[in-house]
Amino acid sequence: MNPTRTIRVDLAGRSYDIAIGPGLVDRAGELSRPLLAAPRVTIVSDETVAPIYGARLAASFDKAGIKTTTVTVPAGESSKEFSSFARLMNELLDHRPDRKTTLVALGGGVVGDLTGFAASVLLRGVDFIQVPTTLLAQVDSSVGGKTGINTRHGKNLVGSFYQPRLVLADTTVLDSLPRRELLAGYAEVAKYGLIDDPAFWDWCEVNGTAVLTGDAAARTYAIEQSCLSKARIVAADERETTDLRALLNLGHTFGHALEAETGYGSELLHGEAVGAGMAMAFDLSAKLGLCPAADAQRVRHHLGAVGLPVRLRSIGGDNSRRWDAARLVDHMRGDKKAEGGKLTFVLARGIGKAFVTREVDEAGLRGLLDDAIAA
Ligand code: NAD
Ligand code: GLY
């Protein structure tokens with residue numbers, strides 16, 4: 001049996017496949033070749049991922065007769081700064097690309113967001129392919145065409161909707177991913193169950209540990225179900241013009257505030273912030289009488305049980321951080337999801353019943369934040 005699963009992201013002339021399975025780094029040349037405008041690619045990777053998988057990926061392109069150059073950026077969120085983006089564009093241009101050159105993002109969400117944005121503006125737009133190497137990137141950021149970089153005003157405030165031509169999610173590359181990064185990605189997996197797929201959430205409660213400990217079948221299933229959900233939502237609302245795609249922001253209004261407060265660094269990873277944020281979104285839903293308290297408890301329990309930091313005091317490790325509800329609300333106001341000064345939340349009527357609202361009473365929100373800080 002062919003172990004590769006393929007999911008189509010249906011976007012008319014910009015449709016593309018997500019391939020999921022083992023060994024795809026070594027098959028990238030053969031799988032990409034029919035899609036390339038010309039047999040020329042530039043791989044963009046980071047200083048952690050390039051030494052592990054860069055040579056194998058380049059060899060695979062070479063075997064398929066594709067000329068390859070590589071540009072490497074430092075690992076971590078700082079590579080999404082404007083200055084790093086400018087440096088990358090100049091390095092890409094040093095290789096004298098033409099409009100038929102394809103960029104290949106080999107890395108996590110940082111490399112994917114950065115390369116996608118670079119592709120959207122390099123020579124006014126060249127094709128790009130995603131080879132995501134973190135669980136978060138395989139289940140979320142590599143699919144759907146949101147690209148972007150950060151500014152001093154916040155994260156991802158400069159960017160574009162620009163779809164890749166292909167996504168190759170090689171499940172075996174997750175073997176080298178640090179457990180903390182894997183867990184952060186798992187929060188985004190579980191998110192799909194909480195949004196609108198209660199059966200998948202049930203599956204996560206039973207199989208989450210297997211996904212995290214490396215069970216190949218469980219991992220593949222989790223990635224496949226996540227990509228099916230994301231592909232369906234993106235196909236129906238590519239540019240977030242209705243509230244459908246906005247459901248993917250479950251946990252993000254709270255998460256964004258936590259990330260902003262902790263400085264977008266190693267104290268709290270993006271996926272960890274989303275995990276804590278989803279627990280808070282369900283707690284707020286229960287507090288407002290929208291969602292059964294038992295569902296909110298299930299969310300908090302499962303995410304905590306797999307090892308995600310769902311309590312504010314567990315963030316940062318040594319319980320030294322002093323959280324402040326007013327400051328967290330201020331961060332929420334600066335979020336690009338806020339509209340006309342109104343905060344946007346994804347809340348839930350139960351597991352798998354998420355909805356978008358801009359009508360959250362600020363006193364209730366402050367109360368929830370005070371409770372979370374005290375817990
Ligand atoms: P990341 O790209 O920083 O990767 C995390 C760390 O893991 C890095 O140090 C990286 O070098 C390392 N790494 C990656 N793959 C590895 C592997 N296979 N083995 C060993 N080490 C490996 O972080 P991330 O969590 O993948 O992505 C976070 C970024 O994604 C944020 O900038 C966030 O804004 C963005 N994001 C974008 C979207 C979107 O829709 N575009 C969605 C969610 C998140
Ligand atoms: N990660 C949110 C989105 O792709 O819309």
Side-chain angles (χ1 to χ4, degrees), residues 9 25 44-54 56-57 72-81 84 105-117 120 130-150 154-164 167 169-189 191-192 195 226-227 229-231 233-234 236-252 255-256 259-260 264-266 268-275 336-337 346 356:
V9 184
V25 164
V44 181
S45 190
D46 74 26
E47 283 167 0
T48 301
V49 177
I52 317 179
Y53 301 109
R56 270 172 55 196
L57 185 63
T72 305
V73 302
E77 193 67 32
S78 66
S79 280
K80 280 175 65 176
E81 284 169 14
S84 315
L106 171 69
V110 165
V111 165
D113 281 12
L114 176 71
T115 309
F117 186 50
S120 74
Q130 291 268 20
V131 185
T133 62
T134 61
L135 182 58
L136 181 140
Q138 294 191 347
V139 301
D140 188 2
S141 63
S142 68
V143 176
K146 277 190 182 175
T147 79
I149 56 171
N150 305 333
K155 266 185 63 164
N156 301 324
L157 293 179
V158 171
S160 56
F161 284 101
Y162 197 67
Q163 301 294 341
V167 179
D170 184 333
T171 49
T172 55
V173 303
L174 300 182
D175 293 342
S176 58
L177 193 64
R179 181 176 164 83
R180 189 175 168 204
E181 298 288 350
L182 203 58
L183 259 172
Y186 180 76
E188 302 275 12
V189 170
K191 182 182 80 177
Y192 293 106
I195 290 172
S226 302
C227 288
S229 285
K230 181 131 192 198
I233 291 172
V234 167
D237 183 19
E238 181 186 8
R239 288 179 167 249
E240 213 165 298
T241 43
T242 70
D243 277 344
L244 181 61
R245 186 164 182 170
L247 292 173
L248 294 170
N249 295 328
L250 175 61
H252 283 61
H256 166 85
E259 276 186 284
Y264 301 105
S266 61
L268 186 68
L269 305 178
H270 175 73
E272 292 174 333
V274 169
K336 67 180 174 320
K337 292 183 285 302
V346 183
V356 176

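One-based numbering, in listed order, for ligands and for the atoms of each.
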Any N/O pair Tyr53/ligand 1 closer than 3.5 Å: no
Location of contacts on Val110 toward ligand 1, heavy atoms closer than 4.0 Å: both
Proximity flag Glu272 to ligand 1, non-hydrogen atoms under 4.0 Å: no
Shortest reach to atom 20 (C) of ligand 1 by a heavy atom, considering only Gly76, Ser176, Ser45, Gly108: Ser176
Atoms of ligand 2 close to Leu248 [distance to a heavy atom under 4.0 angstrom, numbered from 1]: 2 (C), 3 (C), 5 (O)
Sub-3.5 Å N/O-N/O distance, Asp113 and ligand 1: yes
Of the listed options Glu181, His270, Glu47, closest to atom 6 (C) of ligand 1 (non-hydrogen atoms): Glu181
Part of Val143 with heavy atoms under 4.0 Å of ligand 2, whether side chain, backbone, both or neither: neither
Test of proximity, Thr147 against ligand 1: N or O pairs below 3.5 Å: no
Name of the residue among Asn150, Thr147, Ile149 meeting side-chain contact (heavy atoms from CB on, under 4.5 Å) with Val158: Ile149
Interfacing atoms of ligand 2 (cut-off 4.0 Å, heavy-atom, Lys230): 1 (N), 3 (C), 4 (O)
Within-cut-off N or O pair, Asp140 and ligand 2, under 3.5 Å: yes
Residues Glu238, Arg245: salt bridge by 4.0 Å N-O rule: no
Options Gly109, Ala137, Pro51, ranked by nearest heavy atom to atom 30 (O) of ligand 1, top entry: Gly109
Test side chain to side chain donor-acceptor pair (under 3.5 Å) applied to Lys80 and Asn156, step by step: CA-CA 8 Å; Lys80 280 175 65 176; Asn156 301 324; 2.6 Å; yes
